[in-house]
Structures are given as C-alpha cells and as structure tokens.
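What follows is a set of notes on a single structure, which appears directly below.
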Amino acid sequence: MKNIFPTIVLLFCVNVLFAWGANGHRIVAQVCDLNLSKNAKAAVEDILGKDYLAEIATWPDFIRSEKSWDFTKNWHFATINPDETVEEYIEKNKKDPKINDVIEAIELMKAILAGDQEKTKMFDEMIDDNKAARLKGSTKATALAFLVHFIGDVHQPMHVGKNNDYGGNKIIVQFFDKRSNLHSVWDEGIIEKEQLSFTEFSNFINKLSKKDMKVLQQNPIEKWVSESVEARENIYNTLYDNTDKETGLPDFSYQYQHDNIPVVRERLANAGVRAAGVLCSIFE
C-alpha cells in the first residue's frame with residue numbers, strides 16, 4: 001500500500017492539543033468503517049482509493065506541524081466554560097462567520113462531502129490562500145479525513161475544555177509512576193495501557209445493537225458535546241481522589257484505569273458509530 005504520509009518530525013510541547021492518540025483515532029475510524037452501509041463504503045472507497053479510513057484518520061494531527069495548516073488548529077477542540085450551556089456556546093459562535101471550533105468544523109466537512117458548492121469553494125480558498133497541500137490532492141479526501149478525525153476529537157472529553165488550562169495539558173499528574181499531564185492520560189495513556197492493537201480494540205467495543213446504534217446516530221451534535229462536557233466535569237471532580245504522598249500530584253494507577261476505561265471505550269465506540277451514521281446519511 002502506498003504510504004500517504006510524508007516523513008515528519010514532530011516536536012511536542014505541553015500546550016499542543018491532540019485528541020486521542022494515533023490509535024484512538026484509528027479505533028474511531030475502524031468502528032466507523034465496520035458500520036458503513038454498502039453505498040457509504042463504496043463512496044469512501046471512491047474518495048480514498050486503496051487507502052483506509054483508519055489510515056487517513058490520523059492525518060489531521062500529522063499536518064499540525066505544517067505552518068500552512070495553522071488555520072485549522074482551533075478546529076480540533078471547543079472551550080465551553082461551566083457558566084454557559086452547549087446551546088448558548090454554539091449560538092454565540094454562529095455570530096462569527098469564521099470556523100471557530102470543532103463543532104463548526106464538523107458541519108463544514110459534512111457540507112463539503114454532501115456536495116455544497118459554496119462551502120467547498122470557501123474551504124478551497126482557505127487551503128489555497130495558505131498554500132496547504134490537500135490529502136491525496138483531493139478536497140473531498142481532505143474533508144473526509146477531517147470529518148472522521150473531528151468526530152473523534154469532539155468525543156474526547158478533554159477536547160471540550162474549559163477556562164485556560166489547554167484541555168488539561170497544564171495539569172501535571174502521575175500515571176503509573178511516570179510524570180504526565182491530564183490531557184495526555186486521556187489522549188493515549190488509558191488506551192495504550194490496555195496493550196491492544198487498534199483493530200483488537202475496535203472489535204472489542206463494536207458490540208452495540210442496531211437499536212442502540214440508531215439512537216446514537218439520531219442524536220444531534222449538541223448531545224455529543226454535552227456528553228463530553230459531563231465526562232470532563234467528572235474527570236476534574238475526581239482529579240485528587242488519590243495523590244502521591246511525596247509530590248502531592250494526582251496519582252493515577254490501576255484504580256484510575258479500572259474506573260475510566262469504560263468511559264474511554266464508550267466515547268470511542270460512540271464516535272465511530274456516529275461517524276458511520278453521518279457518512280451513511282451523506283452517501284445514502
């Protein structure tokens with residue numbers, strides 16, 4: 001299979017926001033792929049050729065090292081403070097014609113894949129004005145990668161952040177005796193601790209009934225976001241349930257893994273199922 005990614009050296013700092021790790025995004029994409037209709041699967045194959053959804057789902061994070069894609073950095077997250085509802089936040093952003101966050105970015109990509117010429121032209125102009133390189137030279141392939149990736153992003157609780165802590169990046173913790181930060185624990189730590197490949201993880205969580213899948217796919221995006229806000233608040237509220245005696249830092253170990261892996265599994269499964277629902281509705 002042709003490698004669609006250039007060789008990139010990524011330099012990370014504490015304030016860089018990545019939702020899920022590479023495997024988390026692959027898991028979402030794989031669950032999505034497993035639940036596509038025949039028509040949607042054919043449409044995806046037409047856009048991607050020999051490449052897989054799980055392969056391109058990490059591309060939007062890889063290109064964040066490229067200055068030409070800086071205009072999309074705010075599209076990976078939303079900052080919703082405790083004193084506002086999700087609905088109030090969305091209405092506030094509608095007053096600004098720019099794409100402000102992951103919620104508006106999802107809607108943009110959906111419109112492009114559905115053939116909206118005005119939205120496609122707007123995105124093409126952004127890409128060309130910034131001299132960015134499209135995935136596979138295709139606006140639709142680019143939009144597809146972003147859509148699946150962003151749906152994963154909005155289901156990661158720390159990507160619907162609050163205040164000014166960069167989604168938990170500024171909160172130092174210990175995870176199995178190693179210093180980390182809260183965001184990284186939820187991006188990768190909990191998932192990688194399971195020691196599963198993304199295909200194994202996907203198969204383990206892809207167990208929803210057709211009835212439950214239908215309910216999830218009928219939920220509006222406000223519901224997706226509200227779920228992440230609720231999970232985020234629980235993460236903050238339980239932050240200091242256990243602390244290291246020497247450092248005073250939140251101390252995450254087997255109990256934290258035990259308590260939170262069900263949340264991670266649910267968020268990943270819901271993201272994949274909902275991504276499949278979006279693509280099926282577009283390509284029905």
Side-chain angles (χ1 to χ4, degrees), residues 1-5 20 22-63 72 75 102 105-124 127 132-155 197-221 224 267-284:
M1 181 180 295
K2 184 179 179 181
N3 183 7
I4 63 173
F5 300 120
W20 307 122
N23 271 348
H25 279 293
R26 291 179 188 123
I27 291 164
V28 171
Q30 184 73 0
V31 172
C32 173
D33 188 67
L34 291 170
N35 292 289
L36 290 178
S37 65
K38 183 177 179 180
N39 287 346
K41 189 176 285 289
V44 168
E45 289 178 354
D46 185 57
I47 293 171
L48 296 183
K50 295 182 179 180
D51 299 320
Y52 298 109
L53 273 181
E55 185 179 6
I56 59 96
T58 59
W59 180 78
D61 275 344
F62 277 94
I63 61 169
T72 66
W75 297 4
V102 66
I106 287 171
E107 296 301 333
L108 175 62
M109 300 311 155
K110 285 168 59 178
I112 292 167
L113 290 171
D116 187 314
Q117 293 184 0
E118 181 181 349
K119 298 295 185 182
T120 301
K121 181 182 178 182
M122 180 176 76
F123 189 43
D124 276 332
I127 294 172
R134 294 166 176 79
L135 175 64
K136 299 174 68 67
S138 163
T139 300
K140 282 207 167 184
T142 302
L144 179 58
F146 273 128
L147 177 63
V148 174
H149 185 94
F150 290 152
I151 292 176
D153 281 348
V154 83
H155 281 79
S197 69
F198 80 86
T199 53
E200 290 171 329
F201 205 123
S202 303
N203 289 333
F204 288 172
I205 65 174
N206 186 44
K207 297 178 180 178
L208 292 172
S209 67
K210 289 185 178 180
K211 180 180 178 181
D212 288 341
M213 286 176 55
K214 186 175 181 180
V215 170
L216 284 172
Q217 291 171 345
Q218 290 175 339
N219 294 150
I221 194 168
W224 311 357
R267 299 310 288 155
L268 291 169
N270 287 4
V273 166
R274 284 166 169 161
V278 170
L279 293 180
C280 288
S281 67
I282 292 173
F283 300 124
E284 62 183 355

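Every value quoted in this text rests on a predicted model; they were computed, and no experiment measured them.
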Next on the checklist: Could you go through Met109 and Thr142, starting from their C-alpha distance and side-chain angles, then the distance that decides it, and tell me whether this counts as side chain to side chain contact (heavy atoms under 4.5 Å, CB included)?
Outcome noted: CA-CA 9 Å; Met109 300 311 155; Thr142 302; over 6 Å; no
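A distance of 5.0 Å separates CD1 in Ile63 from OG1 in Thr72, rounded to the nearest 0.5 Å. The line from NE2 of His149 to CH2 of Trp20 is 12.0 Å long, rounded to the nearest 0.5 Å. Going from atom CG of Leu147 over to atom CD1 of Ile106 covers 7.0 Å, rounded to the nearest 0.5 Å. Residue Phe146 holds its CZ atom at 10.5 Å from CD1 of Ile56, rounded to the nearest 0.5 Å. A distance of 12.0 Å separates CD1 in Ile27 from CG in Asn206, rounded to the nearest 0.5 Å. Going from atom CG of Asn35 over to atom NZ of Lys210 covers 10.0 Å, rounded to the nearest 0.5 Å.
Remark: Ala271 engages Val28, Ile151, His155 in a side chain to side chain contact (heavy atoms under 4.5 Å, CB included) (not counting sequence neighbours). Shown here are the side chain to side chain contact (heavy atoms under 4.5 Å, CB included) partners of Ala29, two or more places apart in sequence or in another chain: Leu53, Ala54, Ala57, Val148. Applying the side chain to side chain donor-acceptor pair (under 3.5 Å) criterion to Ser197, with sequence neighbours excluded, gives Thr199, Glu200. With sequence neighbours left out, the side chain to side chain contact (heavy atoms under 4.5 Å, CB included) criterion links Asn203 to Leu34. Applying the ring-ring contact (aromatic ring centres under 6.0 Å, His included) test to Phe201 and every residue at least two apart in sequence or in another chain returns nothing. In terms of the side chain to side chain contact (heavy atoms under 4.5 Å, CB included) criterion, residue partners of Ala141 (sequence neighbours excluded) are, by chain and number, Ile47, Leu48, Leu135, Lys136, Ser138. The salt bridge (Lys or Arg N to Asp or Glu O under 4.0 Å) search around Lys119 returns none, not counting sequence neighbours. Scanning for side chain to side chain donor-acceptor pair (under 3.5 Å) contacts around Thr139 gives Asp124, Arg134, with sequence neighbours left out.
Lys140 approaches Leu113 most closely through the heavy-atom pair O-CD2, 3.5 Å. Between Ala40 and Leu279, the shortest heavy-atom contact is CB-O, 4.0 Å. Nearest approach of Ala133 to Trp59, heavy atoms of both residues: O-CZ2, 3.8 Å.
Using a 4.0 Å cut-off between charged side-chain N and carboxylate O, Lys110 and Glu107 make a salt bridge.
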Show which side-chain atoms of residues 213-220 pair as donor or acceptor with protein atoms under 3.5 Å away, not counting sequence neighbours.
{"from": "Gln217", "atom 1": "NE2", "to": "Val273", "atom 2": "O", "distance (Å)": "2.9"}
{"from": "Asn219", "atom 1": "OD1", "to": "Arg274", "atom 2": "NH2", "distance (Å)": "2.7"}
{"from": "Asn219", "atom 1": "ND2", "to": "Val215", "atom 2": "O", "distance (Å)": "3.3"}

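Counting only heavy atoms from C-beta outward, the side chains of Ile205 and Leu268 approach each other to under 4.5 Å.
Residue pairs meeting the side chain to side chain donor-acceptor pair (under 3.5 Å) criterion with at least one member in residues 36-48, sequence neighbours excluded, are Asp33-Lys41.
Taking the six-membered ring where tryptophan is involved, the planes of Phe123 and Trp75 are tilted, since the angle between them lies from 30° to 60°.
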